[in-house]
Amino acid sequence: MERSGAAGVMDDGRPIFLQIAELLESSILDGTLAEESQVPSTNELAAFHRINPATAAKGVNKLVDDGTLYKKRGIGMFVSSGARAKLRARRRDEFARQYVQPLVAEARKLGIDPAELKHMIDNWEETR
């Protein structure tokens, strides 16, 4: 897991436990944490990021609550089967809400039709 900031991942004003959950999600999405593989313990996460173990546990438990991780009693937490696809679908939906919807709304205001917008997107890298 990549660290950022002097105290680990905690540097952008969002709750630390959410940042821990998002780091684990990103590791699942990029394949660093494979489905059915064990995730770092809350104590390992806490030590690595220099945070309270209870905070790390809250981030892990968020992922347990949404079905991304599951607990094997006495062994640890593991990535659920299907977690990567589920995370990818959720992040795609979030991407659409956060970026695509405002882009389409602004294009509409400017009189840019969907075909022209698609052309602009398709050619974006070629013009930069």
Side-chain angles (χ1 to χ4, degrees):
M1 251 176 269
E2 189 173 305
R3 295 176 72 163
S4 58
V9 296
M10 311 338 115
D11 64 346
D12 74 355
R14 290 176 305 120
I16 295 167
F17 81 94
L18 288 178
Q19 294 179 57
I20 292 296
E22 288 173 3
L23 278 172
L24 291 170
E25 287 177 346
S26 292
S27 293
I28 294 166
L29 282 168
D30 72 15
T32 304
L33 286 173
E35 292 181 2
E36 298 302 326
S37 69
Q38 188 169 8
V39 301
S41 72
T42 55
N43 287 332
E44 290 170 328
L45 289 167
F48 184 82
H49 296 292
R50 292 184 238 156
I51 61 172
N52 186 308
T55 302
K58 190 172 178 182
V60 169
N61 288 333
K62 178 188 180 308
L63 298 180
V64 170
D65 291 345
D66 74 13
T68 302
L69 302 180
Y70 68 95
K71 182 176 185 172
K72 285 187 181 178
R73 192 169 183 86
I75 300 174
M77 297 292 183
F78 290 78
V79 178
S80 299
S81 291
R84 189 172 189 202
K86 180 180 170 183
L87 288 171
R88 181 174 283 141
R90 191 183 81 226
R91 292 252 183 120
R92 288 172 73 104
D93 289 345
E94 290 170 5
F95 178 82
R97 272 192 305 281
Q98 187 173 359
Y99 299 105
V100 178
Q101 288 176 350
L103 175 69
V104 170
E106 184 65 17
R108 194 173 294 130
K109 287 181 203 172
L110 298 172
I112 300 170
D113 66 41
E116 185 179 359
L117 180 59
K118 182 184 180 322
H119 178 75
M120 292 169 79
I121 292 168
D122 288 345
N123 293 306
W124 177 253
E125 287 186 2
E126 294 173 14
T127 62
R128 297 291 161 212

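This structure is a prediction, so every number in the text was calculated from the model and none was measured.
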Colleague: Taking all atoms of both residues into account, what is the closest heavy-atom pair of Ala56 and Ala46, and its distance?
Modeller: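 Reported closest heavy-atom pair: CB-N, 4.1 Å.
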Colleague: Return all side-chain donor-acceptor pairs below 3.5 angstrom for residues 95-116, not counting sequence neighbours, or 'none' if the list is empty.
Modeller:
unit_1	atom_1	unit_2	atom_2	d
Asp113	OD1	Ala115	N	3.0
Asp113	OD1	Glu116	N	2.7

Colleague: According to a hydrophobic-cluster definition based on side-chain heavy atoms being under 4.5 Å apart (Ile, Leu, Val, Met, Phe, Trp, Tyr only), do Leu87 and Val64 belong together?
Modeller: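 The answer is yes; both residues are in one hydrophobic cluster.
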Colleague: From the options Arg90, Lys62, Arg88, Lys86, select the one residue that forms a side-chain hydrogen bond (donor to acceptor under 3.5 Å, both in side chains) with Glu25.
Modeller: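 In the set Arg90, Lys62, Arg88, Lys86, the residue that makes a side-chain hydrogen bond (donor to acceptor under 3.5 Å, both in side chains) with Glu25 is Arg90.
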Colleague: Do the non-hydrogen side-chain atoms of Ile20 and Ile51 ever get within less than 4.5 Å of each other?
Modeller: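 With C-beta onward as the side chain, the pair touches.
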Colleague: If you round to the nearest 0.5 Å, how far is CG of Leu23 from NE2 of His49?
Modeller: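 Answer rounded to 0.5 Å: 5.5 Å.
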Colleague: With side chains defined as the heavy atoms from C-beta onward, is the minimum distance between Glu22 and Arg14 less than 4.5 Å?
Modeller: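 Yes, their side chains come closer than 4.5 Å.
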Colleague: Quick one: CD1 on Ile28 to CD on Glu35, what's the gap to the nearest 0.5 Å?
Modeller: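 These two atoms lie 8.5 Å from each other.
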Colleague: For residues 77-84, run the donor-acceptor check on the side chains, cut-off 3.5 Å, and write out each pair with its distance to 0.1 Å, sequence neighbours left out.
Modeller:
unit_1	atom_1	unit_2	atom_2	d
Ser80	OG	Gly67	O	2.9
Ser80	OG	Thr68	O	3.2
Ser81	OG	Glu36	OE2	2.5
Arg84	NE	Leu29	O	2.9
Arg84	NH2	Leu29	O	2.9

Colleague: Indicate the atoms forming the closest heavy-atom contact of Gln38 with Gly76, along with that distance.
Modeller: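 Looks like NE2-CA, 3.8 Å.
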Colleague: Closest heavy-atom contact between Ala34 and Ser37?
Modeller: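 For Ala34 and Ser37, the tightest heavy-atom pair comes out as O-OG, 2.5 Å.
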Colleague: Apply the test side chain to side chain contact (heavy atoms under 4.5 Å, CB included) to residues Leu63 and Val39: give CA-CA distance (whole Å), side-chain angles for both, the deciding distance (0.1 Å), then the verdict.
Modeller: CA-CA 11 Å; Leu63 298 180; Val39 301; over 6 Å; no
Colleague: Could you walk me through whether Thr32 and Asp30 pass the side-chain hydrogen bond (donor to acceptor under 3.5 Å, both in side chains) check?
Modeller: CA-CA 6 Å; Thr32 304; Asp30 72 15; 2.6 Å; yes
Colleague: To the nearest 0.5 Å, how far apart are OG in Ser41 and CD1 in Ile75?
Modeller: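 Answer rounded to 0.5 Å: 14.0 Å.
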Colleague: Could you tell me the separation between the CG atom of Asp66 and the CG atom of Asn61, rounded to the nearest 0.5 Å?
Modeller: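 Asp66 CG to Asn61 CG: 11.0 Å, rounded to 0.5 Å.
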